[in-house]
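Working notes, beginning with the structure itself.
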Amino acid sequence: MPVVLLLVLALAPPADARLQPAHAGSLPPLEMSNFLPAIRQQLQQAYAAAQAHPTDPEASGTLGMILDAYEQYDAAVICYRRAQHLDSRSFRWLFYLGWVQAAQGRHEQAAITLGNALRIQPGYVPAQLKLAESLFAIGRWEESRTIYRAVSTAHPESAEAHYGLGRVSATQGDVTAATTSYLKSVELFPQYGAAHYALALVYRKLGDEARYQPQFRLYEQNRTSVPPLDDPLRSAVTRLNMGSVAHIRRGADLERAGKIAEAIAEQQEALRVDPKAVQAHINLISLYGRLDQYEPAAEHYRAGIDLDRNQADLHYNYGVLLLKQRKPEDAETAFRAALEINPYYAEAHTNLGSLYEQQGRLDDAFQQFEEAVENRPNYRVAHFHMGRIRANQRNYGEAIQHFLKTLTPEDENTPRYLYALAATYARAGDIAEALKYARTARAQAAARGQAELLASIDKDLRVLEKR
């Protein structure tokens, strides 16, 4: 029997009078006048369906999901209780109910509800993590640790589980274990804002100012960023949200999946729902730019400026668009505007540095790259540029140190970074290291089907192997 299930059986009684009402109860009264028309219509239709089918758990549960999507948690709880009463063996309604109770801060109730849910479906990782979170919140730290450890063992890629382990260790005063767990979580998900903040607090407690400052800067850059979680049930709730923010988020997910046309449609829908959604304009600049549709992109930049010119991403995305149009002077102006708003913007510093590098202003370029890595120490692109500048200046030792910082995590750029490192070792006269990294670069380029890069590496390898 899985460790988590054993724990849940110990935690959750088979039934709880507070959670198992004798009857389904009435639907919650709703005040719909404050919602946008499309959302109001959505709620009215779901409410009518639940009224028309009082014994159908799906009708009550769907109404609960829609209310949940708009953070109407009190009303959602009533609907989820109805659905669970009508279908007592459903994992789904118990999970939704426990999730909402946790969102309300009712962690004692959430722990019982989620425990009962996991008795039905013990392997659902999002429920395990939410239960561990609630147990932590009510001071049941060892039980919380047991779940986080079980999840991190079964799913070592879970940044959230490692972060949870760090929180438990920090609360119990084990700073070393907490630091190890937090570092693992940000290694798995470098944009994990809460984990960077937790690390900053640990380093401040230790009096380590040199480590505190970079972690706090990373937190400031990623305040709301959390690891993506494979949670089909919560995703189903999110999809019911017809507000502009939900469309913006769905558009971002579609863009990451490479579905650019669908992403544009979601951002446009966000603007239809809320014409003042400046983030949609920011995203559309990038999306239209990826399709080389420069005029619509520029229109969204102008529209965004009219709404709120103090958005760093607005100017940054427009700068990238101008680079694609080969307008370096205008792009420089845009990147500088972004940095005036957010001086910690690593990508803006790096793109500005690249412009200076192309103009032969190497000292100015290097300064921009330095500011980028000061704000984001593991920013690989900036380290690559710094390595390239130092290598061309024959400062091979410093160049190698920068190139080494580009090697993790691995992605489609890694073969190119390995190749640059190999070339620098060769120029420094260390043929053994040059061969090692060139062969690794070759293997990775071949595995990724990077034919042009592979041909260049093969050519240099033949030369190196003769030396």
Side-chain angles (χ1 to χ4, degrees), residues 186-187 190 210-211 214 218 319-320 323-324 326 328 331-332 335 339 345-467:
V186 297
E187 176 188 331
R211 293 185 179 181
L218 287 167
V320 173
L323 281 181
K324 289 195 71 175
R326 298 183 180 180
E332 179 180 346
F335 292 137
L339 288 168
Y345 206 142
E347 290 87 352
H349 279 299
T350 299
N351 280 0
L352 192 55
S354 296
L355 282 172
Y356 293 155
E357 188 178 2
Q358 292 167 17
Q359 296 166 4
R361 298 165 56 185
L362 298 185
D363 289 342
D364 292 336
F366 199 85
Q367 181 182 348
Q368 292 298 322
F369 299 137
E370 277 188 316
E371 293 196 42
V373 298
E374 181 180 346
N375 298 319
R376 193 185 300 175
N378 297 322
Y379 192 36
R380 299 161 72 212
V381 177
H383 281 296
F384 175 73
H385 282 282
M386 294 170 84
R388 190 165 63 178
I389 288 174
R390 288 299 186 242
N392 288 334
Q393 293 173 336
R394 300 186 180 182
N395 187 342
Y396 300 126
E398 187 176 337
I400 286 167
Q401 291 307 307
H402 284 296
F403 285 136
L404 286 169
K405 292 176 181 177
T406 68
L407 302 186
T408 54
E410 291 186 3
D411 59 15
E412 69 279 358
N413 290 315
T414 303
R416 181 164 63 102
Y417 295 158
L418 284 163
Y419 185 32
L421 178 59
T424 305
Y425 271 119
R427 291 174 68 181
D430 191 337
I431 304 304
E433 288 296 290
L435 282 167
K436 181 179 80 171
Y437 284 106
R439 287 165 180 158
T440 305
R442 188 196 185 285
Q444 291 208 19
R448 297 176 185 278
Q450 297 173 343
E452 186 175 342
L453 178 61
L454 184 62
S456 296
I457 296 171
D458 279 338
K459 180 180 177 181
D460 285 348
L461 265 174
R462 286 192 292 271
V463 174
L464 284 171
E465 287 167 348
K466 292 178 182 177
R467 292 174 64 175

Gap separating the CD atom of Glu412 from the OH atom of Tyr417, nearest 0.5 angstrom: 8.5 Å
Closest contact, heavy atoms only, Gly319 versus Phe335: C-CZ, 3.5 Å
Intermediate values then yes/no, side chain to side chain contact (heavy atoms under 4.5 Å, CB included), Leu407 and Tyr437: CA-CA 11 Å; Leu407 302 186; Tyr437 284 106; 4.0 Å; yes
Interatomic distance, Asp363 atom CG to Gln393 atom CD [nearest 0.5 angstrom]: 7.0 Å
Non-neighbouring partners of Glu398 that pass salt bridge (Lys or Arg N to Asp or Glu O under 4.0 Å), sequence neighbours left out: Arg390
Separation of Asn395 CG from Met386 CE (nearest 0.5 Å): 11.0 Å
Check: Ile389 main-chain N/O paired with Glu357 side-chain donor or acceptor under 3.5 Å: no
Flag side-chain contact, heavy atom, 4.5 Å: Leu421 against Thr406: no
Leu461 side chain reached by Leu435 side chain, heavy atoms, under 4.5 Å: yes
Distance in Å, Tyr396 OH paired with Thr424 OG1, rounded so as to fall on 0.5 Å steps: 8.0 Å
From CA spacing to verdict: side chain to side chain contact (heavy atoms under 4.5 Å, CB included), Arg439, Leu464: CA-CA 11 Å; Arg439 287 165 180 158; Leu464 284 171; over 6 Å; no
Positive for side-chain contact (heavy atoms from CB on, under 4.5 Å) with Leu352, one of Glu332, Gln367, Glu347: Glu332
Within 6.0 Å of CZ in Arg211, more than 12 heavy atoms from elsewhere: no
Non-hydrogen atoms of Ala441 and Pro415 that approach each other most closely: CB-O, 3.7 Å
Gly353 to Ala365 - nearest heavy-atom pair and separation: O-CB, 3.2 Å
Over all atoms of both residues, closest heavy-atom pair of Ala438 and Ile457: O-CG2, 3.6 Å
Student check: side-chain heavy atoms of Val373 and Phe369 closer than 4.5 Å: no
Short side-chain donor-acceptor distance under 3.5 Å, Arg361 and Gln359: yes
Closest non-hydrogen atom pair, Ala445 against Leu453: CB-CD2, 4.2 Å
Nearest atoms (heavy-atom pairs only) where Gln368 meets Leu339: OE1-CD1, 4.2 Å
Whether Tyr419 side chain and Ser456 backbone form a donor-acceptor pair below 3.5 Å: yes
Separation of Tyr345 OH from Arg376 CZ (nearest 0.5 Å): 9.0 Å
Atom pair CZ/NE2 of Arg388 and His402 - distance to nearest 0.5 Å: 13.5 Å
Donor-acceptor pair, side chain of His383 and main chain of Pro377, under 3.5 angstrom: yes
Other residues, nucleotides, ligands: >12 heavy atoms within 6.0 Å of Asp411 CG: yes
Heavy-atom side-chain contact between Arg448 and Glu410 under 4.5 Å: yes
